[in-house]
Amino acid sequence: MSRRRRLAVALTAGDLAAARVETCTVAVIDVLRATSTLVQAFAAGAAEAVPAATPEAARRLRDADPGALLCGERGRVRIPGFHLGNSPLEFTPERVAGRRLIVATTNGSRTLLGAAPAPLAVLAAFGNAGAVTAALLAADRDVLLACSGDSGRPCPEDTVLAGCLLARLRDAEPDAELDAPAGIALDLWERSGGRVAPFLAGTEAGAELLRLGLERDLEFCAAVDRLAVVPRLRPGTPGVVGPGRA
Ligand code: MLT
């Protein structure tokens, strides 16, 4: 990068509207669980994923493409009548390889839709943190880490992943400039000591997953650098495609 790179964080999907999406490389974050699940879906060979803001919008998209799979949750459980919920463990090669997914989750889908104007937007999770860091550094632009938050409020699980990515970006570019929310995210990561699993289990969302008996989902979402896939949005549209396919 020919000048000091600027690293910014949007703490909620709502903050994305005010951010400089059009000029940045954006990393979309929803650790529990939307982006962790979609990264797994593309590692399992999914062809494409299209976010929908509501279950009704998802069903309308499916009417136009009956071969697509309806995926999504409300209250962290599968939406009635949908093929899949939002657990990363459901997105196996047998279920999703070569398939088009229509995805309606509470927060993550909204952030994906908000990131559509970005020249490059990638999906980030702890599972592909290293690969995402490389993709952000390879693009000659400022970076915006777009946390989904929880129904309009910042959430620690997304903010701590943003902090993890910031620490890695700063390792590569020590003079990179952080905005105020990025400073908060980096602090949170440093305070977590990098102990991701206990940190996530201690969040409200983590506690909710445990209450629902979804401890294996939590374990999956806490695993770091297990996947090399970096799904990205097709520029200018909200459609998400796997790596390497424009
Ligand atoms: C969301 O998008 O709000 C979450 O991914 C919900 C969930 O945990 O399934």
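Counting convention: from 1, in listed order, for ligands and their atoms alike. Here the structure is a predicted model, which means the values were calculated and not measured.
Glu90 has no carboxylate O lying under 4.0 Å from a charged side-chain N of Arg95, or vice versa, which leaves the two without a salt bridge. Between Glu48 and Arg234, at least one side-chain nitrogen of the basic residue sits less than 4.0 Å from a carboxylate oxygen of the acidic one, meeting the salt-bridge criterion. Under a 4.0 Å N-O distance rule, the pair Asp142/Arg3 qualifies as a salt bridge. In summary, Glu22 and Arg141 do not engage in a salt bridge, as defined by a charged side-chain N under 4.0 Å from a carboxylate O.
Ordered by chain and residue number, the residues placing a heavy atom less than 4.0 Å from ligand 1 are Asp30, Leu32, Arg33, Ala34, Glu73, Arg76, Asn86, Thr105, Thr106, Asn107, Gly108.
In the model, Thr35 has no side-chain atom that pairs as donor or acceptor with a side-chain atom of Asp30 under 3.5 Å.
Residues Val122 and Val26 fail the side-chain proximity criterion, which asks for heavy atoms closer than 4.5 Å.
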